[in-house]
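Remember, it's a predicted structure, so these values are computed and weren't measured experimentally.
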Amino acid sequence: MNRQLLWQSVALGVLIATAPHDAALAACFASGTCTNNGTLSGSGAHTIDSSAPLDLTNNGTIIGPAGWSAIAASGGLNVTNFNTITGGNTGIFVTGSSATITNKSSGSISGSAFFGIHATNGASSVTIVNDGSISGKSGFLSQVTGAATVTNRGTISSTTAWSAGETFAGYGINFESGHATLNNYGTISGLTSAVIIGAGGNTFNIYDGSVFTNGIDYNNKTGNTTNFYTGSYTLGVKNYQLNTNTINLRGTGQTLITSGVVNGNGNVVIIDNSASLSTNSAGPIIASYTSSVVSDLLSNDVIVQDIGIGDVFPRDSINDKPQSSARAGFYPDRLKLRTSKAQAAFANVLTSSAAANATGALLIGSGQTVDRYGNLVWSRSFGGAYFQDPFGSMSGQRTYSGGTMVGYDWSNTTWRVGGFFGLGRMRTNRSLSPDHVTTDTFFGGLYGRYRFDKFNLDATLSGGSINATTQRYINNGSEVATGKVNGFFLSPEVALGYNMGVADGWVLTPTGRLRYVGAFSDPYTETGSSQNVSYGRSASQSFEEHLEFRLTHNVKDDRGLTSSYYIQAAAIAAQRVGPDGFAANLAGTDFTVGNGAARAKAGGSLSVGLNYKVTQQFDLFGSVEAAAFSDKSYSIAARGGIKVSF
């Protein structure tokens, strides 16, 4: 081993051996900045041996002869490798200076007899950014006097075992001098251990996607900090002293379990609970959709009642005889028929021609169909996306959802009551992870409106089932823990609005709204992995307050058909109530999972919508709403469909 270090410590000038190479290549080495697009190979010495600063970009192949390195540098080195660097003993050897080595995704750095990269005691610092592969009997040996920093998104590995007496045997990385920083997103593997340290004070940042084959050997050293970011891990450790080292959970929604570490050896387990937490978000999302759909539906009363759109019926229609006297009590007198569009719409004893006109009046901006007795059948589809950036104990996630609703209601000039049912599906993906939850929901509800003067008093009750499948990926997907959880949500809501005509064809409706949303999940147990977790019952409960201002405008075209448009702004506040966590268990170890959602948040939304009348019996409608909140969540939702009168 000492002979190897002696060989590699020899500095032979700016450029000793690069054979074959042309004069232009020799000149670029002499200048300190060089690009290799061909093949460089040496004989009896390091292929590139520089005691002066060297900035090298390798697009070709650099080969070191048996017993020598492909690149040896003692004056400062900056290498960017896109192709192949392979040494007879070591790929890149650094001593007496600093070095920065960037190995691109297409790059390979290897040493046949010793190391992929070796930085010796004389090297002041070394920085490695690896997106490709680095390999050798040990992938990287650091013996620097200063800092060693490795960022790995590719692979670093030991390829063969060493002979007896070779003390740096079989490690992906050996931080021999300590005080190193490792940022790992990729795979580090060793025949003995993925990583070993020779001194303390190291920092390991473990990100989602990390794999450590054969674990990390902490070698009974102290003062080491291991930071786990997003993801679930089972990390094997050797010679790890719990009381003299530190583990931090930098991701959100994670739980640390170290009960598997006995006498310094065993498994450190990190559980990302984001999948189980996100099942409770299904209820509030569906409750928000149903509230918006019902609010849009009921808001059409404003257009019918409070905006002057001209007479609904031709003058001679009021002289037609009723088709039936069964509901004579609903038949309005002549004056009311001509002045109240709402009453006219729901009269059930009109002639067929008058009923058709009444249907047209009710359909303005409504998104629904209506029969001649004032009974409405409507349907709407919805879809959207909800984004949660990391906040508190809530991991970053993205939820995409869609569904459809159908409903039926009845109205007169004072009351409007109805019911609906629907179904939806959503998928929640955790940020920067394949972890996801797929949720199916079936829901229904009742709603009503009481009109007095220019006020609207609305009430809605919605609820339904939540059936979710969770998938949690462990150690970059080497294992997948799957869970199935059932639950339900319930959401009552009340709102009070006031309709103000502000101009011809315009109405402004300020509305105060109060909503409760409760989502409740049954216990469940994951299957399919060595890290299966059992979760207890969980609940998410919150109150929401909305202050909304909707400005509606109707426009009659040259065919006499009226379409409507609106814009709405809202201020929103929400408060979570109830417990802060729920129980969970892993292999006999009990722990508590935090609820995840913020205790309180505030935000706002902006929405626009339209109802376009294509013909007297056929309408298109749609709306888009965007919202943002103080807990770093934001969303966009769309609703739309068609309506046909009959």
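- Ser534 and Tyr524 share no donor-acceptor pair across their side chains, judged by distance under 3.5 Å alone.
- The two residues Ala287 and Val517 come nearest to each other via the heavy atoms CB-CG2, 4.1 Å.
- Residues Ser210 and Asn184 come closest through the heavy atom pair OG-O, 2.5 Å.
- Side chains of Thr509 and Asn499: a donor on one and an acceptor on the other come within 3.5 Å.
- Thr482 and Glu526 are not linked by any side-chain donor-acceptor pair at a separation below 3.5 angstrom, with hydrogens and angles left out of the test.
- By the 6.0 Å contact criterion, CG on Asn263 is open, its count of non-hydrogen atoms from other residues, nucleotides or ligands being 12 or less.
- Of the residues listed (Asn467, Thr439, Asp440), the one engaging Arg425 in a side-chain contact (heavy atoms from CB on, under 4.5 Å) is Asp440, and it is the only one.
- Contact annotation: the side chain of Tyr408 never approaches that of Trp378 to less than 4.5 Å [non-hydrogen atoms, C-beta and beyond].
- Atom CE of residue Met500 and atom CG of residue Leu508 lie 4.0 Å apart, to the nearest 0.5 angstrom.
- Taking the ring axis of Tyr566 as reference, the NZ or CZ atom of Arg550 stays within 45° of it and closer than 6.0 Å to the ring centre.
- Side chains of Asn227 and Asn205: a donor on one and an acceptor on the other come within 3.5 Å.
- If you look at Tyr218 and Phe204, their ring centroids are closer than 6.0 Å.
- Taking 4.5 Å as the limit, every side-chain heavy atom of Asp272 sits out of range of all side-chain heavy atoms of Ile270.
- Annotation: ring pair (Phe, Tyr, Trp, His ring centres under 6.0 Å) contacts of Phe488 (sequence neighbours excluded): Phe520.
- Applying the ring pair (Phe, Tyr, Trp, His ring centres under 6.0 Å) rule to Phe455 yields the partners Phe452, Tyr498; only residues at least two apart in sequence or on another chain are considered.
- A donor-acceptor pair under 3.5 Å is absent between the side-chain atoms of Tyr207 and the main chain of Gly186, judged by distance alone.
- For Thr562 and Lys613, the side-chain atoms include no donor-acceptor pair closer than 3.5 Å.
- A donor atom on one side chain and an acceptor atom on the other are found under 3.5 Å apart for Arg472 and Ser232.
- Between the Tyr535 side chain and the Val593 main chain, no donor and acceptor come within less than 3.5 Å of each other.
- A donor-acceptor contact under 3.5 angstrom links the side chains of Thr589 and Ser259, judged on distance only.
- Nearest approach of Phe489 to Thr441, heavy atoms of both residues: CE2-OG1, 3.9 Å.
- When only modelled atom types and interatomic distance are considered, Tyr240 and Asn224 share no side-chain donor-acceptor pair under 3.5 Å.
- Looking only at atom types and distance, the side chain of Ser542 has no donor-acceptor partner in the side chain of Arg576 under 3.5 Å away.
- Between the side chains of Tyr447 and Ser462, no donor N or O sits under 3.5 Å from an acceptor N or O.
- Side chain to side chain, Gln541 and Tyr516 meet the donor-acceptor criterion of an N or O pair below 3.5 Å.
- In this structure Phe443 satisfies the ring pair (Phe, Tyr, Trp, His ring centres under 6.0 Å) test with no other residue, sequence neighbours excluded.
- Of the N and O atoms on the side chains of Asn273 and Thr255, at least one donor lies less than 3.5 Å from an acceptor on the other residue.
- Between the side chains of Thr460 and Glu493, no donor N or O sits under 3.5 Å from an acceptor N or O.
- Between Thr234 and Asn475, the shortest heavy-atom contact is N-OD1, 2.8 Å.
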Quiz item: Would Met405 and Ser379 satisfy side chain to side chain contact (heavy atoms under 4.5 Å, CB included), going step by step from the backbone distance to the final call?
Solution: CA-CA 5 Å; Met405 296 170 61; Ser379 65; over 6 Å; no

Practice problem: Decide yes or no on side chain to side chain contact (heavy atoms under 4.5 Å, CB included) for Ile271 and Phe591, but give the supporting numbers first. | Solution: CA-CA 11 Å; Ile271 304 167; Phe591 59 97; 3.7 Å; yes

